Amino acid sequence: MRVAIASGKGGTGKTTVATNLAWVAAQAKKSVVYLDCDVEEPNGQIFLRPIKDWQKTVTVSVPRVDPVVCDLCGQCGQICQFSAIVCVGQKVLVFPELCHSCGGCDLVCPLSAITEVPRGIATVMAGHTGSLRYVQGLLNIGEAMSPPVIRAVKAEAPEADLVIVDAPPGTACPVVEAVKGCDHVLLVTEPTPFGLHDLELALETVRSLGISCEVVINRAGLNGSATKELCRRKGVEVVAEFPDSRRVAEAYSRGELASEKDPEIRDLVGSLLGHLENST
Ligand code: SF4
Ligand code: SF4
C-alpha cells in the first residue's frame with residue numbers, strides 16, 4: 001500500500017500525520033518505508049530520527065557549448081522554452097538553474113557543438129529507525145527543480161507493507177510528481193479559511209490524477225463545520241480528526257512523535273491506519 005500524505009498549503013500538520021502513521025504502523029510490526037518528498041524542507045527526520053546509512057548526489061543534465069565549434073547560429077536559444085540558453089553577441093550563455101534538461105538544444109544544434117554534462121542539484125539520503133526505512137531528498141540551496149529529486153527519492157523505496165509518501169505542500173508539479181503512482185492520498189487540512197481554500201484546490205488536483213483521496217482534519221475544533229460541508233459537497237470522506245491539543249503542539253515543538261507520548265493520539269492514528277488497510 002502506497003499512501004501519499006499531502007496538503008494544499010504548508011503548516012497544516014502533514015508531516016505530523018505522516019510520521020505518526022509510519023511510527024504506529026512500524027510498532028504494529030509492519031514493514032514501513034517513509035519517503036520524505038518535501039525536498040525543499042524534509043523534516044520527517046526530526047521526528048523519526050533515522051540512523052543514516054546511505055546517500056547519493058542527484059544530478060541533472062545541462063548543456064555545455066564548445067565555443068570553437070559553435071558558429072553562433074542561435075538555434076539552441078530559439079528552441080529553449082525556459083531561456084536557459086541564449087545567443088548574445090559573440091557568445092552563447094547557459095543558465096544552468098533555468099535548464100529543465102529536455103535535451104532540445106543538443107538535438108537542434110546543427111554543428112553538434114553541445115554536450116550534456118551532469119550538474120548536482122540535491123542529495124538523497126537513506127537510513128533506518130528500527131525496522132522503518134527512511135529516505136529523503138534535500139535540494140541544494142538556491143535550486144528549484146524538485147521533480148527530479150522526488151523521482152530519485154521514490155526510486156529508492158524498497159517493497160514494504162506500507163510506503164508513506166510525505167508530499168510537498170501546494171498543488172504544483174512537485175505534488176503531482178510525489179503522488180503519482182500512489183494507491184491513495186490523504187489530504188491534511190486545518191479548519192481555517194486558508195485551509196479550506198487550499199483544500200479545494202488540492203482535491204481538484206488529486207482527482208484530476210484519478211487517485212482516490214480522503215481528508216484528515218488537523219487541529220479540529222477551531223471551526224470544522226465549513227470543512228466538513230465542503231467535503232460533503234465534493235463527496236470526499238473525512239476519515240480522521242486530530243484535536244487542537246496543547247500536548248500535541250508541545251510534542252511537536254520538542255521534535256517528538258505525539259503518538260509515542262499520547263495514548264489518545266496513538267489510538268487515533270491506529271484507527272486511521274486500520275481504515276486505510278481495510279479500504280485501499
Ligand atoms: S536542455 Fe532544454 S531546457 Fe536546458 S537549455 Fe537545452 S533546451 Fe533549454
Ligand atoms: S545551435 Fe549550436 S551552433 Fe548554433 S548557437 Fe547553439 S551551440 Fe552554437
Side-chain angles (χ1 to χ4, degrees), residues 1-7 10-56 58 122-139 146 149-150 152-169 174-175 178-179 182 184-188 216 218-219 240 242 245 247-274 276-277:
M1 178 167 60
R2 185 175 281 229
V3 179
I5 318 296
S7 64
T12 58
K14 172 177 61 64
T15 297
T16 300
V17 173
T19 50
N20 281 282
L21 206 52
W23 186 81
V24 168
Q27 294 302 301
K29 307 288 180 215
K30 295 178 193 313
S31 59
V32 181
V33 179
Y34 186 96
L35 304 179
D36 202 330
C37 292
D38 193 355
V39 299
E40 287 186 18
E41 197 180 4
N43 53 12
Q45 61 176 329
I46 295 171
F47 304 97
L48 295 172
R49 300 187 181 140
I51 298 164
K52 182 172 134 184
D53 55 31
W54 176 89
Q55 88 169 42
K56 76 167 185 183
V58 180
T123 305
V124 172
M125 174 280 262
H128 60 276
T129 302
S131 63
L132 186 149
R133 188 70 178 154
Y134 177 93
V135 188
Q136 73 163 40
L138 176 61
L139 269 173
S146 50
V149 187
I150 292 169
V153 172
K154 290 170 79 177
E156 296 304 328
E159 286 292 312
D161 296 331
L162 176 64
V163 177
I164 290 183
V165 176
D166 187 354
V175 183
V179 306
C182 288
H184 193 65
V185 177
L186 285 180
L187 288 172
V188 182
V216 172
N218 192 30
R219 293 190 275 277
F242 287 84
S245 146
R247 287 203 307 276
V248 173
E250 284 180 356
Y252 183 86
S253 69
R254 286 193 295 263
E256 295 171 348
L257 286 161
S259 50
E260 202 175 356
K261 301 288 167 189
D262 187 329
E264 187 194 340
I265 300 297
R266 189 158 56 240
D267 288 348
L268 260 170
V269 176
S271 302
L272 177 58
L273 184 63
L276 290 172
E277 285 172 338

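If you're wondering where the values come from, they're calculated on a predicted model, not measured in any experiment.
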Determine whether N218 and V248 satisfy the following criterion, side-chain contact (heavy atoms from CB on, under 4.5 Å), listing intermediate values before the conclusion.
CA-CA 11 Å; N218 192 30; V248 173; 5.7 Å; no
When rounded to the nearest 0.5 angstrom, what distance separates CD in Q136 from CG in D166?
10.5 Å
Show the nearest heavy-atom pair for residues L138 and V149, with the distance to one decimal.
N-CG1, 4.4 Å
Can you tell me how far CD1 of I46 sits from CD of E256, rounded to the nearest 0.5 angstrom?
12.5 Å
Near E40 CD, under 6.0 Å, is it more than 12 heavy atoms from other residues, nucleotides or ligands?
no
Which pair of heavy atoms, one from A126 and one from R133, lies closest together, and at what distance?
CB-NH2, 3.5 Å
Checking Y252, Y34, Y134 against F47 for ring-ring contact (aromatic ring centres under 6.0 Å, His included), the one that qualifies is Y252
Going by heavy atoms in the side chains, are V33 and P158 under 4.5 Å from each other?
yes
Ion pair D161/K29, N-O distance below 4.0 Å
no
Check the pair R2 / K154 against side-chain contact (heavy atoms from CB on, under 4.5 Å), numbers first and verdict last.
CA-CA 11 Å; R2 185 175 281 229; K154 290 170 79 177; 3.9 Å; yes
With rounding to the nearest 0.5 Å, note down the distance linking CD in E260 to OG1 in T19.
10.5 Å
Worked verdict on V32 versus W23 for side-chain contact (heavy atoms from CB on, under 4.5 Å)
CA-CA 8 Å; V32 181; W23 186 81; over 6 Å; no
Go through the steps to decide whether V124 and V135 satisfy the test side-chain contact (heavy atoms from CB on, under 4.5 Å), and finish with yes or no.
CA-CA 7 Å; V124 172; V135 188; 3.8 Å; yes
Interatomic spacing from CD in Q27 to CG in L132 - rounded to 0.5 Å:
9.5 Å
For E250 and K261, run salt bridge (Lys or Arg N to Asp or Glu O under 4.0 Å): C-alpha distance rounded to whole Å, both residues' side-chain angles, the deciding distance at 0.1 Å, then the answer.
CA-CA 10 Å; E250 284 180 356; K261 301 288 167 189; over 6 Å; no
Between E264 and R247, is there a side-chain N and carboxylate O pair less than 4.0 Å apart?
yes
Closest heavy-atom pair and its distance - A4, C182:
CB-SG, 3.8 Å
Would you say CD of E41 has more than 12 non-hydrogen atoms from neighbouring residues, nucleotides or ligands within 6.0 angstrom?
no
What is the distance from atom CG of L273 to atom CG of N20, rounded to the nearest 0.5 Å?
11.5 Å
Would you call L162 and L276 a side-chain contact if the rule is heavy atoms closer than 4.5 Å?
no
Non-hydrogen atoms of P168 and A178 that approach each other most closely:
CD-CB, 3.7 Å
L186 side chain reached by L272 side chain, heavy atoms, under 4.5 Å
yes
Answer yes or no: is there a donor N or O on one side and an acceptor on the other, between the side chain of K14 and the main chain of A167, under 3.5 Å?
yes
Gap separating the OG1 atom of T15 from the CG atom of L48, nearest 0.5 angstrom:
9.5 Å
Give me the atom names and distance for the closest heavy-atom approach of N43 to D36.
N-OD2, 3.3 Å
Heavy-atom pair with the smallest gap, counting every atom of I164 and A18:
CD1-O, 3.8 Å
